[in-house]
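Heads up: numbering here begins at 1 and tracks the sequence. Below, each value reflects all heavy atoms present in this structure, side chains not excepted, and no hydrogens, waters or symmetry copies. Not measured: the values here are computed from a predicted model.
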Amino acid sequence: TTITAALLLLASSLRAAPPEISPEARAILDKAVQGMGGEAALSRVEKLRMSIRGTYQSGPISSPYTSETTLAFPDCVLWEMDMVDFKASMGVDAGAPWSQFMAPPARLKGAIKESLLEWILHYKAMLVEPLLEQEDIKISVARPREGKKAGKNTGKKSGKKAAPAVPGIRLELPSGRRLVLGFAARGETLRLATIRGDVLLMDGRKARVQVRLTRPKRFGDITFPSIIDSRTLCDGKLVETMHEEVIAIDWSPEVKEGAFRMPEFDKALLNPRVKTTEPVKGLMMVHQGPYDEMGTTIEKLKTAAQEAELHRHDSYVAIYLNNPNMVKDPSELRTEIILPVMMMGPPPEKLPEGMSVKELPAAEVASKMARGEYGKADVQALMDLFAFIGTEGLQPAGSPRMVYFHDPEATVVEDLTTEVQIPVQER
C-alpha cells in the first residue's frame, strides 16, 4: 500500500548509533510533533489499527480497495487488503516477514524481506516524533528552491502576502537512499505535507515516489492526514498512482493472540484431486532449452507486460510440450510459458518476436500441490499425479502444466509452492 511500500521509507534497518541531526532540523521536527498533538500523545502509541479506502491505478487498470493495518511495537505488523478480484495479506511476526499475495502463504527472503522488516519503522516515522530518536540516520535541512513558496496560493490573486517557504527535512539512510519531507505551516506549528524519494517496487524495480498528504483530521489525541495521494515513476514514466482515504485509526486496538502469524498452508491440497480450472488469458512465449533457464523467458514476459501497461493478476503457467526423457539434449526441451494479465481492451498491437496473447480454456484436470524446491518437489508431485490418474480410471488428455506461485529469489525454499496439473478424461 501507499502507506507502507510507497509512503515512507524513513528509517534505518539497524540500530547502532544515535542520529546525526542539526539543531535547525530538530526544531522543525519539534514543530511538526506539536502540530500532530504533542510528544506526550505520540509517545504513548505502542500499537494502532488503521482502516483505509483507496483506488489503485496502473495504466488503464483502476481498482478500488479497502485495507486494514494492525501494528504492535516493537516488531509485529499485519496488512490485509481486499480488492475487487482478490484478497491479499502481508505481515511481520516478531521480526519474521511473510506474504499471502495471489499465492499460498510463504515466508520471505531477500530484498522483499528487508522491505517488510522496515514497515514498523515506517509507521513510527509517520508519527514524526520517533525521528528524533531514530538511530543510524542523518537528518538535515533541505532548503527550498529559489522563489518556491509553501502552499498552492502565492498570494498574487488574493492580494495577500505569500507565506515564506518552509524548509524541508532531508533523511540520509545507511542504504544510501535519500528522502525529503516537506512541511506546511499551521500557525506556530507544522504538518507533514509531502514526501519525495526512492523506493523499491514489489517486482524489484527501482522507482521514485511522490506523496501528497492533505486534509489533516483529528483521530483521538493525534492529528493525522486523512487523504494520501502517491505517484510512482520508473525512468521518469508514471507507472502507478494511489488515492487513499484514512477512515479510522484506533491507537489502542484489541489484538488477538497469534494475529500476526502467517496463515497455515492447507495441507489437504497436497493430496491429488480432480478439479475444473478457470480460463487463463495472458502473454505467451515458448521457451526453448533447459528448464532451469526459464527465468530468462519469464523476465521477457514481465518486461513486455510492463511496457504494454498490462497488469499481472495471477501466477505464471508452464506447459511442458515434450518429454525430457524423449529428447537427446536439454536444448531441445520446449516449454510454453503464460503470464496471466488483465486486458481492458484489444490485445497490444506490438509484442516482442515470438510472443503472443493466448487464452487457455477451462479444463478438467488432475491437480496436486507441491511445497518445496522447484525442480524437486514439483517433479515428485507430477509422478504422484500420474500414479493417481492410473488408479482413478482416468487418462491424460493434454500436456502437464505447472503453476508456479512464488519467486524463488524472494521466498524461503521450503515454502515455494507449485500446483501440478494434468488435463484428464475418462478411459
Side-chain angles (χ1 to χ4, degrees), residues 1-15 45-54 56 63 65-83 85-127 130 199-204 224 228 230 242 244 246-267 269 314-315 371 405-417:
T1 64
T2 300
I3 288 182
T4 55
L7 176 59
L8 283 176
L9 293 175
L10 302 180
S12 63
S13 58
L14 299 174
R15 287 182 168 270
V45 177
E46 296 182 355
K47 54 186 176 179
L48 64 87
R49 179 172 291 127
M50 183 179 297
S51 300
I52 294 284
R53 179 170 56 223
Y56 171 84
S63 300
Y65 65 91
T66 58
S67 70
E68 184 173 89
T69 300
T70 304
L71 173 67
F73 299 130
D75 55 3
C76 291
V77 64
L78 172 65
W79 171 75
E80 299 172 291
M81 186 268 287
D82 191 348
M83 198 173 275
D85 51 352
F86 69 92
K87 296 182 180 181
S89 59
M90 291 184 175
V92 178
D93 180 17
W98 56 268
S99 170
Q100 189 173 28
F101 195 87
M102 294 191 296
R107 291 166 292 171
L108 301 174
K109 67 177 185 178
I112 191 170
K113 173 182 177 178
E114 296 305 315
S115 177
L116 285 182
L117 285 176
E118 289 185 336
W119 276 20
I120 299 166
L121 295 178
H122 302 169
Y123 278 97
K124 280 187 176 181
M126 281 192 292
L127 300 176
V199 294
L200 187 67
L201 300 183
M202 295 289 289
D203 58 12
F224 201 81
I228 304 168
S230 70
M242 285 185 177
E244 296 186 316
V246 180
I247 303 301
I249 303 178
D250 183 351
W251 301 109
S252 300
E254 292 290 333
V255 179
K256 296 181 180 178
E257 184 178 357
F260 302 101
R261 294 176 190 158
M262 183 178 78
E264 291 288 337
F265 174 74
D266 185 358
K267 293 183 179 179
L269 297 175
D314 211 340
S315 301
R371 191 88 161 164
F405 290 103
H406 298 124
D407 179 355
E409 297 297 321
T411 309
V412 173
V413 65
E414 292 84 1
D415 292 350
L416 293 172
T417 307

Salt bridge (charged side-chain N to carboxylate O under 4.0 Å, His left out) partners of residues 68-79, not counting sequence neighbours, each pair once:
Arg49-Glu68

Would you sort out whether Phe260 and Val92 count as a side chain to side chain contact (heavy atoms under 4.5 Å, CB included), showing the intermediate values?
CA-CA 7 Å; Phe260 302 101; Val92 178; over 6 Å; no

I want to check something: taking the side chain as every heavy atom from C-beta on, are Val246 and Ile228 in contact at a cut-off of under 4.5 Å?
yes

Contact summary for Pro105 and Pro263, nearest pair of heavy atoms:
CG-O, 3.3 Å

Who are the side-chain contact (heavy atoms from CB on, under 4.5 Å) partners of Lys87, not counting sequence neighbours?
Asp82

What verdict does the side chain to side chain contact (heavy atoms under 4.5 Å, CB included) test give for Trp79 and Ser67, after you've listed the backbone C-alpha separation in whole Å, the side-chain angles of each residue and the deciding distance to 0.1 Å?
CA-CA 7 Å; Trp79 171 75; Ser67 70; 3.7 Å; yes

Nearest heavy-atom pair of Met50 and Ile249: which atoms, and what distance?
CE-CD1, 3.8 Å

Using the rule given for side chain to side chain contact (heavy atoms under 4.5 Å, CB included), can you reason through Thr66 versus Ile52, listing the C-alpha separation, both sets of side-chain angles and the distance that settles it, and then say yes or no?
CA-CA 6 Å; Thr66 58; Ile52 294 284; over 6 Å; no

For Ser315, all residues meeting side chain to side chain donor-acceptor pair (under 3.5 Å), sequence neighbours excluded:
none

Counterpart residues, side-chain contact (heavy atoms from CB on, under 4.5 Å), relative to Met102 (two or more places apart)
Phe86

Taking Glu46's backbone N and O only, do any of them form a donor-acceptor pair with Trp251's side chain (distance below 3.5 Å, no angle check)?
no

Tabulate below the donor-acceptor pairs under 3.5 Å that side-chain atoms of residues 405-412 make, not counting sequence neighbours, or state none.
residue: His406; atom: ND1; partner: Asp415; partner atom: O; Å: 3.3
residue: His406; atom: ND1; partner: Thr417; partner atom: N; Å: 3.2
residue: His406; atom: NE2; partner: Pro104; partner atom: O; Å: 2.9
residue: Asp407; atom: OD1; partner: Glu409; partner atom: N; Å: 2.9
residue: Thr411; atom: OG1; partner: Asp407; partner atom: O; Å: 2.9

Once side-chain contact (heavy atoms from CB on, under 4.5 Å) is applied, do any residues pair with Lys267, and if so which ones, sequence neighbours excluded?
Phe265, Leu270

Distance (rounded to the nearest 0.5 Å) between Lys256 NZ and Thr70 OG1
11.0 Å

The reported gap from OG in Ser99 to CE in Met262 (rounded to nearest 0.5 angstrom) is 10.0 Å

Just to verify, what does Val413 make a side-chain contact (heavy atoms from CB on, under 4.5 Å) with, not counting sequence neighbours?
Glu373, Leu416

Check Ser89 against Glu80 and note the closest heavy-atom contact, atom names and distance.
CB-CG, 4.2 Å

Residues that Tyr56 engages under ring pair (Phe, Tyr, Trp, His ring centres under 6.0 Å), provided they are two or more places apart:
His311

Verify, without hydrogens or angle tests, whether Lys47 (side chain) and Pro253 (backbone) share a donor-acceptor contact under 3.5 angstrom.
yes

So Leu78 and Trp98, side chain to side chain contact (heavy atoms under 4.5 Å, CB included) or not? Walk me through it.
CA-CA 10 Å; Leu78 172 65; Trp98 56 268; 3.7 Å; yes

